[in-house]
Amino acid sequence: MVSGTRFLTIDSQTRFSSSPYLFGHNLEHTRACISGGLSAQLLRNRKFAGRPSARSGVSAEWFGIGERVFFCNDQDPYVCHYHPNKMWRRNELNAQTVQNPIEGQTAGLGQASLFLKAHTRYQLAFVVKCSHPVLLTIALTDRSGLRIYTTETRTLENKAWQRYELSLSVPCDDPETCLRFTFSTCACLVFGSVSLLPEDHFHGMRRDVIEQLKKLGVGMLRWPGGNFAGEYRWQDMFLPVDMRAPLQAFTEDETQPYTHGYDMHEIDTDTFLALCREIGAEPFITINLAWDSPELCAAWVEYCNGSPDSKYGRLRAERGHAEPYHVRFWSLGNEMGYGHMEGPMQPDQYAALGLAAAQKMLQICPDLELCSSGPYAYTEQSDKWIEHSAKSLYPSASWISFHTYNHFPHTYTSPEGIRQAYETAIAAVKENRESLEALREKAPDFLHISYDEWNLWASWFRKTNALEGMFTASMLHMMLYAGSVLDVPVMCYFQPIGEGAVDVLPDHAELSANGQVFNLLKVHKGCEICSIHGLDDYEAVASIRDGVLSLSLINSAFDTSETFSISPCGQCLRSVVLMASDLLPGSHFVEAALDVLTSESRVTATLPPRSISLIQFRLE
């Protein structure tokens, strides 16, 4: 089906600015840190967090070797926290004990299903101690253990913790490689932590994932959460990465599908900021307001921004970073008052705690941009929180946080169900705009809105698809207008890695349908946006950079094409269309050239149903 023609006139002389931070993203811990997230670690549960499986004594994701061997993981931990506090989490501090009571019996520990590539060097490191001298064999094998790819031995003698490092490789690609530690002495070995990384990692992160992040045009990166900010202990960074205790989620919903409810604390402040610099993103740090004292929050600011002569600036310099990081944006906790986060639930209680932290932080660095949290997306609560929290925190905090996660039905077994799912998701964009407008009407003009989490609900539990990509495109188009009108300079997508914009697979990373949209529309990031006459909604955005006008068009109709007739803009340099012909889970956009007809008076292009196009012109 083909609808009528839409006539648009681009006024390139009437422009308004847009913030580059509208193309922001979240990095909430590492998510599936093996083959589904940012971390380059290949080992799962490498610090033996949580209880072992019933009657085995072996930590989750590991297997024991030996018939008459005793295993347990609740004794004598190697991992620890740098600074104790009142936060109580279970089974963060474990080590894996392997007791071999029979001389000559083969005993040990292993992990299976490691995807190793041929002729790639891997760095293996493990921390262990033993009751008696032991000859330990380290092997990489196939799944059965019968084919041995490589083997090394180390003599263990010390009863204190010792760290051992090896460089290993395999002769062929094997997605089912096993790592095995074995010994035959009557002795007790205790493994404190184990690490396996490809040698070409970037500060412990996967380089292929980082390359995909660069394609998204990330303007701002918010970390460590999200909800994970409520359990993050920033000072643990002063411990070696293998000694840092795993961090258990307060609500297991946040990490359970990925690491059995625990994060292995692979990323610290320095590595996060190295990532920001690598991809060109402005850092946005969320403090642990519930558990860190105001002084400890201020110390984090000093570590990031203090001179090398300050206490924490000196620690930063000693770690190889003499120059301050100049982190401007900080959030005073995350989603306080929603009920699922630890800490104060009422706005006046939150304001008191937030103000104490803000004042200490601003004493260290007066030019910080501080954002207060609260349930501002809910109209029945926003009045109370604006009056008793946001206003009380101003001028220390001149931003308020706004989050939306839109529900839509997942019915993919009938044409009617797919259509309903699609149209519900697209309609959510208007709902979000109306919620923002309601908040802007209530909030004083001196408060900026930080729209620092948005997505469709629970996208972290399922495959993405081109349906979600159409939602993402419509959200970006809408916010390129609303960001200026409603004073919303920050918008952070939750979250790109492993669940939204970048699909991370064992052997490679690639853009999802959402990632394809960010990659296409990033041309508008931080540009001046032109006025367009004839718009019904936000179906078109035009921006100018370096003498090139970029026009993106969206046809969100489910089954009708849309023809756009546009005022002439100059020589056409590029025209491309992303088509959502398949909306099933795992689907991507099909990219193709877009036919553009030009004349002296008009430029005409017809978009197929459910599609996004980009046309670029050299301005005359």
Side-chain angles (χ1 to χ4, degrees), residues 30-50 52-54 56-67 69 71 73 96 98 106-126 128 136-154 164-183 191 193-201 204-209 256-260 262 264 266 463 497-499 502-510 586:
T30 56
R31 287 292 183 184
C33 65
I34 313 308
S35 61
L38 179 62
S39 174
Q41 279 290 344
L42 281 92
L43 294 174
R44 304 174 297 278
N45 194 19
R46 69 186 194 87
K47 299 176 183 177
F48 313 110
S53 56
S56 76
V58 181
S59 299
E61 302 293 348
W62 295 88
F63 62 84
I65 300 172
E67 291 294 324
V69 180
F71 301 94
N73 75 349
Q96 181 63 58
V98 182
T106 298
L109 187 68
Q111 187 168 133
S113 300
L114 306 176
F115 196 115
L116 299 191
K117 298 180 181 180
H119 312 302
T120 299
R121 302 302 301 181
Y122 294 93
Q123 299 170 338
L124 175 67
F126 59 96
V128 66
L136 183 69
T137 299
I138 305 100
L140 293 175
T141 75
D142 67 358
R143 184 175 183 176
S144 69
L146 299 178
R147 183 182 181 187
I148 299 174
Y149 296 132
T150 185
T151 183
E152 296 271 352
T153 59
R154 292 293 184 272
Y164 298 86
E165 297 181 358
L166 301 83
S167 179
L168 303 172
S169 65
V170 294
C172 59
D173 291 356
D174 186 354
E176 296 291 335
T177 305
C178 285
L179 170 67
R180 300 171 187 266
F181 298 94
T182 56
F183 63 102
F191 291 87
S193 67
V194 189
S195 169
L196 185 62
L197 289 165
E199 287 187 348
D200 68 342
H201 64 85
M205 294 173 272
R206 284 180 55 160
R207 289 188 180 273
D208 58 348
V209 178
Q256 192 277 334
Y258 310 96
T259 53
H260 301 279
Y262 296 87
M264 296 295 119
E266 311 293 349
K463 289 183 177 180
I497 297 175
E499 64 188 52
V502 179
D503 289 330
V504 184
L505 305 170
D507 59 339
H508 73 284
E510 63 185 26

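Start at 1 with the first residue, then count along the sequence. Since we're looking at a predicted model, the values are computed, not measured.
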TODO: Can you see which heavy atom on Lys117 is nearest to which on Val170, and at what distance?
DONE: O-CG2, 3.6 Å

Open item on the list: With side-chain contact (heavy atoms from CB on, under 4.5 Å) as the criterion, how do Leu179 and Leu140 come out once you've worked through the C-alpha distance, each side chain's angles and the decisive distance to 0.1 Å?
Closed with: CA-CA 5 Å; Leu179 170 67; Leu140 293 175; 3.9 Å; yes

Task: Interatomic spacing from OG in Ser195 to NZ in Lys47 - rounded to 0.5 Å - done: 9.0 Å

TODO: Would you please classify the geometry between the Phe126 ring and the Tyr164 ring as parallel, tilted or perpendicular, with 30° and 60° separating the classes?
DONE: parallel

Open item on the list: Within a 6.0 Å radius of atom CZ on Arg143, are there more than 12 heavy atoms belonging to other residues, nucleotides or ligands?
Closed with: no

- [ ] Supply the atom-to-atom distance Thr120 OG1 to Glu199 CD, rounded to the nearest 0.5 angstrom.
- [x] 9.5 Å

TODO: Working to the nearest 0.5 Å, report the span between CD of Gln123 and CG of Asp200.
DONE: 9.0 Å

Task: Pairwise distance CD1(Ile65) to CZ(Phe71) - rounded to 0.5 angstrom - done: 7.5 Å

Open item on the list: Checking Ser169 now: which residues fulfil side-chain contact (heavy atoms from CB on, under 4.5 Å) with it, not counting sequence neighbours?
Closed with: Arg121

Task: side-chain contact (heavy atoms from CB on, under 4.5 Å) evaluation trace for Ser113 with Arg44 - done: CA-CA 10 Å; Ser113 300; Arg44 304 174 297 278; 4.3 Å; yes

Open item on the list: So, using side-chain contact (heavy atoms from CB on, under 4.5 Å) as the criterion, who are the partners of Thr141 when residues are at least two apart?
Closed with: Ala139, Ile148, Cys178, Arg180

- [ ] State, to 0.1 Å, how close Thr106 and Val69 come at their nearest heavy-atom pair, and which atoms those are.
- [x] O-CG2, 4.5 Å

TODO: Without swapping roles, check the side chain of Gln96 against the backbone of Gly57 for a donor-acceptor pair under 3.5 Å.
DONE: yes

Open item on the list: Main chain of Leu116, side chain of Asp174: is a donor-acceptor contact present, judged purely on distance under 3.5 Å?
Closed with: no

Task: Val209 versus Gly37, closest heavy-atom pair with distance - done: CG2-O, 3.8 Å

Open item on the list: Testing the basics here: between Gly586 and Lys463, what is the closest heavy-atom pair and its distance to 0.1 Å?
Closed with: N-CB, 3.9 Å

TODO: Any chance you could measure Leu38, atom CG, to Ile497, atom CD1, to the nearest 0.5 Å?
DONE: 4.0 Å

TODO: Heavy atoms only: give me the nearest Tyr149-Cys172 pair and the separation to one decimal.
DONE: CE2-SG, 3.8 Å

- [ ] Indicate the atoms forming the closest heavy-atom contact of Phe63 with Gln111, along with that distance.
- [x] CE2-N, 3.4 Å

